[in-house]
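Ligands are counted one by one from 1 in listed order, and the atoms in each one are counted from 1 as well.
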Amino acid sequence: MQRWTLTKENYHSIEANQKFFSVSQFKSFIECEAKTMAELNGAYKEPHSNALLVGSYVHAAFESNEAFEQFIEENNRAIFKSRGGKYSDFETADRMIEALKRDPFAMFAMEGEKEEIYTAYLFGAYWKIKVDSIHHSRRTFSDLKTTQDLYKRYWSVKYDNWVSFVEAWDYVLQMALYRRVLQEATGSTYTPYIVAVTKENPPNKAVLHFDETRFNFEYEYIEMKMERLIEVKAGKVDPVRCEKCDYCRMTKQLNDTIEVGELIWQ
Ligand SMILES: [Zn+2]
């Protein structure tokens, strides 16, 4: 573990994902253990989604000019139509970038070092995180999130309640874990913020802070789930199939019937 160094180049590699847990891997395990194990074994690769690419485009715009130019060059054919002009998703993304760039408060919240990597041993495993923006003298960090609508409500099984997009996508869990990894790695407590911008035209935006009492629930949740996930990842127990995701649908072989009532509780 120690001789292998995590870098920007290998951060998203299968090898890095095998060695470290991350928030996205944790969420992926919660969604579907079988799919996540197939990805970790190199047997399955999630198809590239345009939504992910648009999100990366917006992130790159705030990382640095060089990062943004490089991203555009590497993804030229996904961004530009052959007859000229950008595809509409990227025109929306440009409006989102502009909306944040014109707002001094949002820009203030995103000040700091970009894309720094940290690791820590927590909940029985090594974790890796990559922070969008971290401001060491203010002891703050921020994560940029794009969403449909700031005020939309989602039903959450985890919280057993109506929640915002922040809880629905487990961004509270993400911020809690990042805060904990930073505590281990730096010895200081950093305060998290989310800079949110919407795909509406014109875009809405907000800088979100967290009531600190939210974090303990997330630490308990992670701890509760990790005991099993460490065993699954080590190959000690068989991964459970969700039977809903891309991977499960692609590899499904029917051998029994389902009672109608089971459908919505799967
Ligand atoms: Zn699945």
Side-chain angles (χ1 to χ4, degrees), residues 10-56 78 89 122-130 143 145-148 152-178 217-266:
N10 66 23
Y11 186 86
H12 291 291
S13 66
I14 286 181
E15 203 180 3
N17 290 337
Q18 286 167 345
K19 290 182 194 306
F20 294 91
F21 272 87
S22 64
V23 169
S24 60
Q25 184 180 105
F26 178 87
K27 282 157 68 172
S28 174
F29 266 122
I30 300 294
E31 275 166 31
C32 183
E33 293 175 357
K35 177 189 77 176
T36 311
M37 287 306 285
E39 284 176 328
L40 285 168
N41 298 334
Y44 175 73
K45 205 168 181 294
E46 191 132 43
H48 281 290
S49 84
N50 207 47
L52 259 178
L53 200 66
V54 174
S56 304
D89 285 352
L122 286 168
F123 309 107
Y126 284 96
W127 291 77
K128 61 180 168 103
I129 65 167
K130 191 153 80 169
D143 209 83
K145 299 295 187 196
T146 61
T147 187
Q148 287 300 333
K152 192 171 170 185
R153 304 198 315 166
Y154 303 82
W155 179 258
S156 165
V157 174
K158 174 182 168 185
Y159 295 99
D160 194 25
N161 211 337
W162 290 99
V163 298
S164 73
F165 77 97
V166 181
E167 295 105 326
W169 269 267
D170 256 334
Y171 296 151
V172 185
L173 182 147
Q174 182 192 350
M175 297 295 101
L177 194 277
Y178 278 26
F217 176 82
E218 305 299 335
Y219 297 138
E220 280 166 27
Y221 178 79
I222 297 169
E223 193 160 23
M224 175 184 82
K225 297 288 185 188
M226 279 302 278
E227 197 179 338
R228 175 176 168 83
L229 296 189
I230 288 167
E231 299 233 296
V232 172
K233 194 171 174 179
K236 288 180 187 156
V237 291
D238 286 338
V240 169
R241 294 167 57 88
C242 76
E243 303 297 1
K244 285 190 271 192
C245 72
D246 284 1
Y247 170 77
C248 287
R249 283 182 277 123
M250 198 181 286
T251 56
K252 189 177 287 196
Q253 291 281 309
L254 297 179
N255 56 21
D256 203 355
T257 59
I258 303 174
E259 208 288 321
V260 175
E262 284 173 46
L263 286 173
I264 64 166
W265 297 109
Q266 274 279 310

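- For the residue pair E167 and S164, a side-chain donor N or O sits within less than 3.5 Å of a side-chain acceptor on the partner.
- In the model, Q174 has a side-chain atom that pairs as donor or acceptor with a side-chain atom of Y178 under 3.5 Å.
- Side-chain atoms of D170 and K158, non-hydrogen and from C-beta on, do get closer than 4.5 Å to each other.
- The aromatic rings of F26 and W127 sit tilted, their planes meeting at an angle between 30° and 60°.
- Residues I129 and L177 meet the side-chain proximity criterion, which asks for heavy atoms closer than 4.5 Å.
- Side-chain N or O atoms of K233 include one that pairs as donor or acceptor with a backbone N or O of F20 at under 3.5 Å.
- Counting only distances under 2.8 Å, and ignoring water, the protein N, O or S atoms around the Zn ion (ligand 1) are C32 SG, C242 SG, C245 SG, C248 SG.
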